[in-house]
Peer 1: 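What follows is a single structure, and I will ask about it in a moment.
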Amino acid sequence: AQSVTQLDSQVPVFEEAPVELRCNYSSSVSVYLFWYVQYPNQGLQLLLKYLSGSTLVKGINGFEAEFNKSQTSFHLRKPSVHISDTAEYFCAVRDFGNEKLTFGTGTRLTIIP
Amino acid sequence: DAGITQSPRHKVTETGTPVTLRCHQTENHRYMYWYRQDPGHGLRLIHYSYGVKDTDKGEVSDGYSVSRSKTEDFLLTLESATSSQTSVYFCAISESIWTSGRDNEQFFGPGTRLTVL
């Protein structure tokens, strides 16, 4: 069975500093990987995804993530954060050909002015 | 934005009462999903549908049932609500699970906040 681990439940970062949100997964087959963002009192919005091809994936709002198969990781990064990036971020994995998306427990990113 | 609506958006009910949440889509997508979101657990899949009248259980299906009589609507029913079912419920849709294109994405609705007293 697949699983997703987001070790950091909360990450405080100063405005304009870089940030990395960590995500590790376990699966025995080929996977699709996703990062979703949830702003306060809203639904989930896709930030970026890895389906195939280049392991460095660029998403919206200046975020990027790198798929590392050997380390089973898909960490999310942004070189300079803004107040508007305050949100909860969810990593998710889905096995190829499987309907089910498995989410991590989320990381709450707080930007300090 | 994908055309997904959920109703009601907020509901307060009492233990033991039946509750039905509705998800409606205008995208004609094949797959529909119900998740619940709880602090410390992220989102967990309750049930999903891969076509009209075709449904299957997810990770946390106990106490929930679903129905899909037409492509655009996916109903989630709590037959007898309990306090442990207090949560935020999200519906999602996707077109395909096999391709590597945009139709592989899951798009989420705005959520329904359910409180069971």
Peer 1: Check whether A:Ile111 and A:Phe90 end up in the same hydrophobic cluster, where Ile, Leu, Val, Met, Phe, Trp and Tyr are linked by side-chain heavy atoms less than 4.5 Å apart.
Peer 2: no
Peer 1: Given side-chain contact (heavy atoms from CB on, under 4.5 Å), test B:Tyr48 with A:Lys100 step by step and report yes or no.
Peer 2: CA-CA 8 Å; B:Tyr48 66 98; A:Lys100 302 176 185 178; 3.4 Å; yes
Peer 1: How close do A:Asn41 and B:Arg113 get, heavy atom to heavy atom, and via which atoms?
Peer 2: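 So the minimum-distance heavy-atom pair works out to OD1-NH2, 4.4 Å.
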Peer 1: Could you report the tightest heavy-atom contact between B:Gln106 and A:Tyr36, atom names first, then the distance?
Peer 2: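 The answer is O-OH, 2.9 Å.
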Peer 1: Heavy-atom distance under 4.5 Å to chain A: side chain of B:Leu43, backbone, both or neither?
Peer 2: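 For B:Leu43, heavy atoms of backbone and side chain both lie under 4.5 Å from chain A.
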Peer 1: Taking side chain as everything from C-beta outward and backbone as N, CA, C, O, which of these in A:Gln38 sits under 4.5 Å from a heavy atom of chain B? Side chain, backbone, both or neither.
Peer 2: side chain
Peer 1: Can you confirm whether A:Tyr39 is buried at OH, in the sense that more than 12 heavy atoms of other residues, nucleotides or ligands lie under 6.0 Å from that atom?
Peer 2: yes
Peer 1: Measure the CD-CZ distance between A:Gln45 and B:Phe107 for me, rounded to the nearest 0.5 Å.
Peer 2: 10.5 Å
Peer 1: Determine whether B:Ile4 and B:Leu21 fall in the same hydrophobic cluster, where Ile, Leu, Val, Met, Phe, Trp and Tyr are linked whenever their side-chain heavy atoms lie under 4.5 Å apart.
Peer 2: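 Shared cluster, yes.
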Peer 1: Should A:Phe103 and A:Tyr32 be counted in the same cluster of Ile, Leu, Val, Met, Phe, Trp and Tyr side chains packed under 4.5 Å apart?
Peer 2: yes
Peer 1: Tell me, for B:Glu59 versus chain A, whether the close heavy atoms (under 4.5 Å) come from the side chain, the backbone, both or neither.
Peer 2: neither
Peer 1: Heavy-atom cut-off 4.5 Å, strictly under: side chain, backbone, both or neither for A:Leu44 against chain B?
Peer 2: both
Peer 1: Under a 4.5 Å side-chain heavy-atom rule over Ile, Leu, Val, Met, Phe, Trp and Tyr, are A:Val37 and A:Leu76 clustered together?
Peer 2: yes
Peer 1: For the hydrophobic clusters of this structure (ILVMFWY residues joined by side-chain heavy atoms under 4.5 Å, transitively), does one cluster hold both A:Leu51 and A:Leu48?
Peer 2: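 No, separate clusters.
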